[in-house]
Amino acid sequence: GAVVSQHPSRVICKSGTSVKIECRSLDFQATTMFWYRQFPKQSLMLMATSNEGSKATYEQGVEKDKFLINHASLTLSTLTVTSAHPEDSSFYICSASRDDYEQYFGPGTRLTVT
Amino acid sequence: DQQVKQNSPSLSVQEGRISILNCDYTNSMFDYFLWYKKYPAEGPTFLISISSIKDKNEDGRFTVFLNKSAKHLSLHIVPSQPGDSAVYFCAATPSSSGSRLTFGEGTQLTVNP
């Protein structure tokens, strides 16, 4: 149990366009979902925390108007990178949590902005 | 301010020997600690955790030790296997924050056959 999927696994887009990444908990209801980004050889940096039906809580330095998060149900959260630029190229990972401390991670999405 | 630090970016061990990965933290509010394993281009997978009321937790080949006074934890893998080669992240959370985790930078473990 506790499987989390992400779609797409990789995406290439042109500068100025928007990209949506989906995160789904397949076999459990996630009270909380988290979005991270990881640069090469660096740690996972938490971007935002979202609870179903409420606004996401963004970490300091993360632009909420650029990284739109929608947590429409207990099994789905989406991250939209708006007006993407090359510096947004990164590995984006979501995770989902039930009512305990463990987070179950998705496989990640590699975003490349050209 | 890096509240969770893994000072060794890489570690190389021989198959069959013990791997010891270290992690230090500064926030005294952290009371639950987790280790995750990550392969390239994949999400992290949970390995083992420990609550601050314990100083040791064991699961098969994996043992996590916690030294609260030193704010230090370590992950022991014995015997190490080539399939253990991956990046290992330690993470910490204070109970009051729910499941919000703070991650270390990760340590690349390479187990040589």
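Below, read A as the first sequence line, B as the second, and so on, with proteins coming before strands; counting in each chain starts at 1.
Of the two parts of A/Q6, neither the backbone nor the side chain holds a non-hydrogen atom closer than 4.5 Å to a non-hydrogen atom of chain B. Of the two parts of B/F46, only the side chain, counted from C-beta on, holds a non-hydrogen atom closer than 4.5 Å to a non-hydrogen atom of chain A. For A/I93, the part lying near chain B is the side chain, with the backbone staying farther off; criterion is any non-hydrogen pair under 4.5 Å.
Note that CG of B/L66 is 5.0 Å distant from OH of B/Y25, once rounded to the nearest 0.5 Å. Between the OG atom of A/S90 and the CZ atom of A/R110 there is a distance of 6.5 Å, given to the nearest 0.5 Å. To the nearest 0.5 Å, the span separating NZ on B/K5 from CD on B/E105 amounts to 4.5 Å.
With respect to chain A, the highest number of heavy-atom pairs below 4.5 Å among B/P44, B/A41, B/P9 belongs to B/P44. In terms of heavy-atom pairs under 4.5 angstrom with chain A, the leader among B/G104, B/P40, B/G106, B/S49 is B/G104.
A donor-acceptor distance shorter than 3.5 angstrom exists from the side chain of B/K68 to the backbone of B/S52, with no hydrogens or angles considered.
Aromatic ring centres of B/Y36 and B/F103: separated by under 6.0 Å.
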